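So the structure is just underneath, and the comments pick up after that.
Computed from a predicted model, the values in this text were never measured in an experiment. Atoms considered below: every heavy atom in the structure, side chains included; atoms not considered: hydrogens, waters and symmetry mates. Proteins get letters first, then strands, A, B, ... in listed order; numbering begins at 1 in each.
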Amino acid sequence: MFALIDCNNFYASCEKLFRPDLAHTPVVVLSNNDGCIVARSKEAKALGFKMGEPYFQAKERIDRNGVMVFSSNYELYADISRRVMETIESVVPAIEIYSIDEAFADLRGFSDDHALSQMGKLIQSTVFKHTGISVGVGIGATKTLAKLANHAAKQYPKTGGVVVLTDKARIEKLMRITEVGEVWGVGRRLSRQLTDMGIQTVWDFIQHDTGSLRKQFSVVLERTQRELKGQACFGLDETPATKQQIVCSRSFGDRITQLDHLAQAVATYTARACEKLRSEAMSAQSITVFCRTSPFADKEPYYSNQASSQLSYPSDDTAVFLHQANELIQRIYKPQFRYAKAGVMLSNFYAPGTFQLSLFDEQPKDESKRKGLMSLVDQLNKQHKGQVFFGCEGISKPWAMKRDKVSPRYTTRWDELPVVR
DNA sequence: TCTGGGGTCCTAGGACCC
DNA sequence: TCTGGGGTCCTAGGACCC
């Protein structure tokens with residue numbers, strides 16, 4: 001048995017946590033650069049604001065309806081997420097953290113519906129008591145069924161936010177009224193293709209012949225169908241797999257035209273990507289740099305390009321990658337464009353000591369001094385982000401992203417603690 | 001004027017090996 | 001007349017997730 005625990009309107013709920021005055025106010029949270037709406041409180045949902053809606057298009061309706069707007073504050077959300085996950089972990093035998101606001105739990109050994117339902121309610125009330133965040137809990141024989149149950153828990157308030165999906169008749173009833181596009185693993189594209197084939201509901205979908213489903217689509221969709229029929233294809237991953245790539249990219253607050261600004265931005269992203277790399281205790285051999293103009297500006301020409309390079313042996317040294325990144329951005333920069341976004345991708349990872357040199361490779365230099373320097377830089381920046389940085393990252397950063405409406409980092413900065421009067 | 005960021009997995013096809 | 005079979009590795013592209 002699996003449970004899927006999902007925080008309700010997570011980012012919006014985090015913002016409300018320290019603002020009791022906003023308890024019944026509609027709240028939306030914007031993506032990086034204050035671009036799109038990425039989270040909505042239930043009041044904002046009721047007003048019809050959509051996920052992914054561009055802020056500038058919604059702004060007039062936001063003002064008119066007295067909606068409170070926040071820039072995203074990931075430092076806050078990550079800390080609240082950690083508290084939620086730790087609480088769930090203290091109640092259930094094992095969990096897999098699936099995203100910042102979701103976790104699967106293993107409920108093996110719980111025999112009857114009543115016990116499962118009690119467990120779901122216990123998770124819900126404990127998380128709320130410890131963190132102030134409300135969650136929905138869906139329980140089923142497979143992960144995909146737990147997801148479906150969770151969807152029902154959110155959709156139907158009468159459930160109280162906890163749904164146990166084990167009873168055959170109940171499963172059929174739910175599947176007959178749920179569109180196939182709601183299923184975990186069926187996105188926009190597949191959903192349209194399936195509807196075109198006459199498969200509208202989840203129930204239609206599980207009646208379809210498994211073999212032909214695999215032939216026409218892929219093994220991925222076959223597994224999804226099997227999971228919905230109660231055959232578990234996915235287990236609980238308690239230890240997160242080691243990353244295979246690290247990406248750091250941002251849209252700019254203002255368009256960039258100058259090469260030195262673009263190079264500064266790329267250097268900043270490179271430094272951040274290397275920091276993440278070291279926190280994974282990995283080294284990378286490849287780096288890709290990309291930049292592009294806005295795909296939405298139809299009055300100006302579109303340009304997008306990328307370039308990669310390979311080190312002769314893997315590294316986790318920021319200076320090594322900064323050098324590469326600078327060469328790469330010089331290669332793809334063209335002066336006549338207004339750049340909207342750039343990014344850096346690290347790949348080809350090796351754990352320490354696992355890289356195989358070839359007969360004619362030079363022995364890598366002794367890097368222990370560099371390692372010490374990098375770990376010191378990481379330590380200092382952990383205490384206070386941006387405390388130490390490379391000069392090529394720039395100082396004034398005129399291209400930095402917009403976050404005009406960011407709330408205090410209430411739980412992770414001494415000077416931003418909430419004040420009670 | 002203004003449209004996010006960071007990931008994973010699978011498949012098909014090409015290059016190459018014996 | 002007759003033109004193999006079996007395999008790996010890599011990459012690009014497409015789908016999905018939050």
Between N150(A) and G136(A), is there a donor-acceptor pair closer than 3.5 Å when you use the side chain of the first and the backbone of the second?
-> yes

Atom pair distance, as rounded to whole Å: CE in M401(A) and P in dG5(B) = 8 Å

Looking at V344(A), V266(A), T270(A), N305(A), which hits side chain to side chain contact (heavy atoms under 4.5 Å, CB included) with I329(A)?
-> V266(A)

Answer yes or no: is there an ion pair linking D63(A) with K59(A), defined by an N-O contact shorter than 4.0 Å?
-> yes

So, is K402(A) close to the dG4(B) phosphate, meaning a side-chain N or O under 4.0 Å from OP1 or OP2?
-> no

Nearest-angstrom distance, C1' atom, dG4(B) to dC17(C) = 15 Å

Without hydrogens or angle criteria, can the side chains of Q264(A) and W399(A) be said to hold a donor-acceptor pair below 3.5 Å?
-> yes

Using Watson-Crick and G-U wobble pairs whose two distances are both under 3.5 Å, how do you write the pairing of DNA chain C as dot-bracket, with | for links to another strand?
-> ....||||||||||||||

Sorted by position of nearest nucleotide on DNA chain B, 5' first, the leading residue of K341(A) and R214(A) is K341(A)

Counting side-chain heavy atoms from C-beta on, which of dC16(C), dG5(B), dC17(C) comes nearest to L190(A)?
-> dC16(C)

Any side-chain N or O of R255(A) under 4.0 Å from OP1/OP2 of dT3(B)?
-> yes

Atom-pair distance (OH on Y77(A); C1' on dC18(C)), nearest Å = 15 Å

Consider the side chain of W184(A), meaning its heavy atoms from C-beta on, and name the nucleotide among dC18(C), dC10(B), dC16(C) that approaches it most closely.
-> dC18(C)

State plainly whether the residues E86(A) and R82(A) are in salt-bridge range, i.e. N to O under 4.0 Å.
-> yes

S99(A), nearest nucleotide to its side chain (from dG4(B), dT8(B), dC18(C)) = dC18(C)

What is the distance from CD of Q216(A) to P of dA15(C), rounded to the nearest Å?
-> 14 Å

Residues of residues 29-64 of chain A with a heavy atom under 4.0 Å from any atom of DNA chain C, listed by number, are none

Rounded interatomic separation in angstrom, taking CZ from R272(A) and C1' from dG5(B) | 12 Å

What nucleotide, of dG4(B), dG7(B), dA15(C), holds the atom closest to the side chain of Y74(A)?
-> dG4(B)

Where the side chain of Q124(A) meets the backbone of V135(A), is there a donor-acceptor pair that is under 3.5 Å apart?
-> yes

Hey, does R223(A) reach any base, or is it just sugar-phosphate, or nothing, if we go heavy atoms under 4.0 Å?
-> sugar-phosphate

Should E75(A) and R413(A) count as an ion pair when the cut-off is N to O under 4.0 Å?
-> yes

Quick one: is dC16(C) close enough that its OP1 or OP2 comes under 4.0 Å of any side-chain N or O from K147(A)?
-> no

Does the pair E43(A)/K16(A) count as a salt bridge with the N-to-O cut at 4.0 Å?
-> yes

Tell me which of V219(A) and S249(A) sits closer to the 5' end of DNA chain B, going by the nucleotide each one is nearest to.
-> S249(A)

Looking only at dG6(B), dT11(B), dG5(B), the nucleotide nearest the S251(A) side chain is dG5(B)

Can the ring centres of F104(A) and W184(A) be said to be less than 6.0 Å apart?
-> yes

Could you tell me the separation between the CG atom of L221(A) and the P atom of dC17(C), rounded to a whole number of Å?
-> 11 Å

Hey, do the aromatic rings of F70(A) and Y11(A) have their centres closer than 6.0 Å?
-> no

When rounded to whole Å, the NZ to P distance for the pair K405(A) and dG4(B) reads 16 Å

Of the candidates dG7(B), dC2(B), dA15(C), the side chain of R338(A) sits closest to dC2(B)

Atom CZ of R188(A) and atom P of dG14(C) are separated, to the nearest Å, by 16 Å

Taking side-chain hydrogen bond (donor to acceptor under 3.5 Å, both in side chains) as the test, write out the residues that go with E15(A), two or more places apart.
-> Y77(A), S407(A)

Roughly how many Å is it from CD1 in I100(A) to P in dG4(B), rounded to a whole number?
-> 19 Å

